[in-house]
Undergrad: 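The structure that follows is given in the form of structure tokens.
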Amino acid sequence: MFVGKKVAYFEVQIPAFGLSTYFMKSKPSSPSKSKRSLLEKRQSRSQSEAQPITLENNHVRLIFDQNGKLQSFLNKRINQEVQVSQEYLWYVPSTGDSTDGQSSGAYIFREAQSDPQTFPTPKLEYVYNLPGPLVQEVRTRVNSWIVQSIRIYSDSEWVEVESNVGPIDINDNQGKEVITRFSTNLATQQLFYTDSNGLEYLQRKRNYRPTWNLTVTQPIAGNYYPVNSFAFIKDQSTNLQFSVITDRSQGGSSINDGEIELMVNRRLLRDDGRGVGEALSETNDIRVKKILTFDQVSSSMSSVRGAQQRLNKPITLMFSSSASSASDWLNNFGTTFAPLNNDLPLNLEVLNAQVISSGTLLLRLHHLYAVGEDSSLSQPLTVDLHDVLPSLAFISITETSLSANQPLNQVQRLQWKTSASGFRNAKSPGMKNISKQQRVWQSPTSVTLNPMEIRTFIIKFQQNSLANKVTFN
């Protein structure tokens, strides 16, 4: 992606829960020819500065200005376009003032001034937008320590944004809290939305708290919230939603209508006095990846949930440095593994499938969607455990507590005092049995999950069934 790095793109087919093997071999090439073709692409762009740059596939079209700055995002399926720009900025961290001596630091984000500082205009480094390839890309460089690529793939509605940020330059003796901001023309009425630990999402309103009257003293930090997995804004008048899915937990906000901003990297010169005992001086560069989606409100969450899974739970890569040739490997090892007979539902996530002892497996299932997120995918989900684990011959299935430390029918939860009259159930002082059903089955093996529900099972199986039924091709 960046200077000194090489990235190979190729399309793969991998069975669910399975694996596929691919062989790669380097091919000698002419460095001068490669450099010349890249230089020619850059020169052809500079010769026609007024002409925009376009990345386009069958699903989306992105338009950039001559410097590689994003300008618009068209969703072809709904024939709707949003005006969107992106920039990197940085806040001057507070070192304390006359009203409050609190500095910004490892535990505290506190800006010295509300308006962020700007970086120089990004420079276009690379464009690859020939029609038909697997990936198209626009790469820009903000400065010596911020470089970014925006990509689209041939059969995807998602837009991938990958950046390298850092080490942050502090040679000017100034700490910096670096953000990226996406600005759109959506009318968002002071509202934005952030996820709650990657599960449901919460509505946020700028300069507002639902349970008390807020006096705004920190207009930036006071409107920042955790973004563990995604944030989005929507325009109710046009039924359109713009979403940003992240690959890590970040702070985020919508300081102005139509905007989403995310904290990317921080490097400070003062300790915040909260226990670390030193300034937050991160000297590493970080590679951050985001996915952008733009769709109608009613169908946006299916894109968000899919992108969330792809970004936060990617395919596991395994490599071999064996000197064997591809033909030798094919003759001696299996190269594919496809354990499932049928596709699993799109709204089902297998959180865990782990053999915890001989003949015993822990299975944890999750319904990916919350109530009302999607007209079909938010409905209750019924799945047969034989479809999830077709290679096992079940002896018994016991549903347990979420942490699998006791059977569900034995779980008792505290029933909290909610009024001056005492506990609601006087016969059970502080405890409540949440299920009297003995959920150990010989048959059937069907399980129903309600929206956003997680259920955990301990499965006893015949110890020879796994060896007999799981085969490599």
Side-chain angles (χ1 to χ4, degrees), residues 70 82 84-94 100 102 104-119 146 161 163 165 168 175-236 240-268 272 280 286 288-294 300 304 308:
L70 183 62
V82 62
V84 55
S85 63
Q86 185 223 0
E87 58 187 335
Y88 285 88
L89 306 160
W90 59 279
Y91 289 111
V92 177
S94 175
D100 189 340
Q102 179 65 61
S104 192
Y107 288 104
I108 301 292
F109 166 43
R110 183 168 186 248
E111 75 282 3
Q113 54 196 42
S114 298
D115 293 329
Q117 305 296 303
T118 61
F119 289 107
I146 301 178
V161 181
S163 59
V165 180
I168 296 174
K176 298 175 180 67
E177 316 214 44
V178 180
I179 66 165
T180 185
R181 177 181 290 174
F182 298 90
S183 302
T184 75
N185 61 339
L186 300 183
T188 55
Q189 306 299 316
Q190 295 184 281
L191 301 177
F192 61 105
Y193 303 80
T194 64
D195 71 286
S196 177
N197 290 321
L199 300 174
E200 295 177 294
Y201 60 82
L202 299 173
Q203 177 180 283
R204 312 293 192 180
K205 185 174 182 180
R206 194 164 57 250
N207 297 329
Y208 173 80
R209 299 294 185 271
T211 56
W212 79 92
N213 294 325
L214 175 67
T215 300
V216 179
T217 58
Q218 297 181 31
I220 306 301
N223 285 297
Y224 257 64
Y225 293 90
V227 178
N228 300 117
S229 191
F230 60 85
F232 63 85
I233 51 177
K234 56 186 178 182
D235 187 331
Q236 298 287 9
L240 297 174
Q241 178 174 318
F242 178 78
S243 309
V244 182
I245 300 92
T246 68
D247 68 344
R248 68 199 67 202
S249 295
Q250 298 174 261
S253 187
S254 178
I255 301 302
N256 300 294
D257 279 3
E259 294 180 353
I260 295 177
E261 71 175 56
L262 295 165
M263 186 70 68
V264 179
N265 202 353
R266 309 168 71 212
R267 191 174 184 184
L268 311 175
D272 59 10
L280 180 68
I286 60 171
V288 183
K289 186 177 290 186
K290 301 176 180 64
I291 289 175
L292 312 180
T293 69
F294 171 61
S300 279
V304 170
Q308 178 187 9

Undergrad: Return the set of residues passing side chain to side chain donor-acceptor pair (under 3.5 Å) with Ser104 (not counting sequence neighbours), or none when no residue passes.
TA: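 If we apply the side chain to side chain donor-acceptor pair (under 3.5 Å) test to Ser104, skipping adjacent residues, the hits are Glu177, Arg266.
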
Undergrad: Going by atom types alone, do Ser243 and Gln241 pair a side-chain donor with an acceptor below 3.5 Å?
TA: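 The answer is yes; a qualifying pair exists.
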
Undergrad: Return the minimal non-hydrogen interatomic distance between Gly175 and Trp90, and the atom names on each side.
TA: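 The answer is O-CZ3, 3.7 Å.
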
Undergrad: Do Gln190 and Tyr208 have side-chain heavy atoms sitting under 4.5 Å apart?
TA: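 No, side chains not in contact.
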
Undergrad: Closest heavy-atom contact between Gly198 and Gln308?
TA: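 Here Gly198 and Gln308 meet closest at O-NE2, 2.8 Å.
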
Undergrad: Should we say atom CZ of Phe119 is surrounded by more than 12 heavy atoms from elsewhere, each under 6.0 Å from it?
TA: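 Yes, the 6.0 Å shell around CZ holds more than 12 heavy atoms from other groups.
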
Undergrad: Does any non-hydrogen side-chain atom of Val82 lie less than 4.5 Å from one of Leu240?
TA: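 SC-SC contact between Leu240 and Val82 ruled out.
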
Undergrad: Report yes if some heavy atom in the side chain of Tyr91 is under 4.5 Å from a heavy atom in the side chain of Ile179; otherwise report no.
TA: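 They are in side-chain contact.
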
Undergrad: For Phe294, enumerate each residue passing the ring pair (Phe, Tyr, Trp, His ring centres under 6.0 Å) test, keeping only those at least two apart in sequence or located in another chain.
TA: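 Expected list: Phe73.
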
Undergrad: Can you check whether Thr194 reaches Phe192 side chain to side chain, under 4.5 Å on heavy atoms?
TA: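 Thr194 reaches Phe192 side chain to side chain.
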
Undergrad: Under a 4.5 Å cut-off applied to non-hydrogen side-chain atoms, are Gln102 and Ser94 in contact?
TA: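 Counting from C-beta outward, Gln102 and Ser94 never come under 4.5 Å.
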
Undergrad: Do the side chains of Val304 and Tyr201 get nearer than 4.5 Å, heavy atoms only?
TA: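 Tyr201 does not reach Val304 side chain to side chain.
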
Undergrad: Kindly write out the residues that satisfy side-chain contact (heavy atoms from CB on, under 4.5 Å) with Thr188, not counting sequence neighbours, or none if the list is empty.
TA: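 Checked Thr188 against side-chain contact (heavy atoms from CB on, under 4.5 Å); matches are Leu186, Ile233, Asp257.
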
Undergrad: When rounded to the nearest 0.5 angstrom, what is the spacing between CG in Leu268 and NZ in Lys176?
TA: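 Answer for the CG-NZ pair, Leu268 versus Lys176, is 10.5 Å.
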
Undergrad: Output every pair passing salt bridge (charged side-chain N to carboxylate O under 4.0 Å, His left out) with a member in residues 184-204, not counting sequence neighbours, ordered by first then second residue.
TA: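 For residues 184-204: none.
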
Undergrad: Does the side chain of Thr180 reach to within under 4.5 Å of the side chain of Lys290, using non-hydrogen atoms?
TA: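 In contact.
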
Undergrad: For Lys234, enumerate each residue passing the side chain to side chain donor-acceptor pair (under 3.5 Å) test, keeping only those at least two apart in sequence or located in another chain.
TA: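 Checked Lys234 against side chain to side chain donor-acceptor pair (under 3.5 Å); zero matches.
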
Undergrad: List the residues meeting side-chain contact (heavy atoms from CB on, under 4.5 Å) with Ser249, not counting sequence neighbours, and say none if there are none.
TA: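 Testing Ser249 for side-chain contact (heavy atoms from CB on, under 4.5 Å), a comparison that skips the adjacent residues, returns Asn228.
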
Undergrad: Counting C-beta onward and ignoring hydrogens, is there a side-chain heavy-atom pair between Arg181 and Ser183 closer than 4.5 Å?
TA: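 When only atoms from C-beta onward are counted, Ser183 and Arg181 do touch, with a gap below 4.5 Å.
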
Undergrad: Flag yes if more than 12 heavy atoms outside Asp115 fall under 6.0 Å of its CG atom; otherwise flag no.
TA: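 No, not enclosed.
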
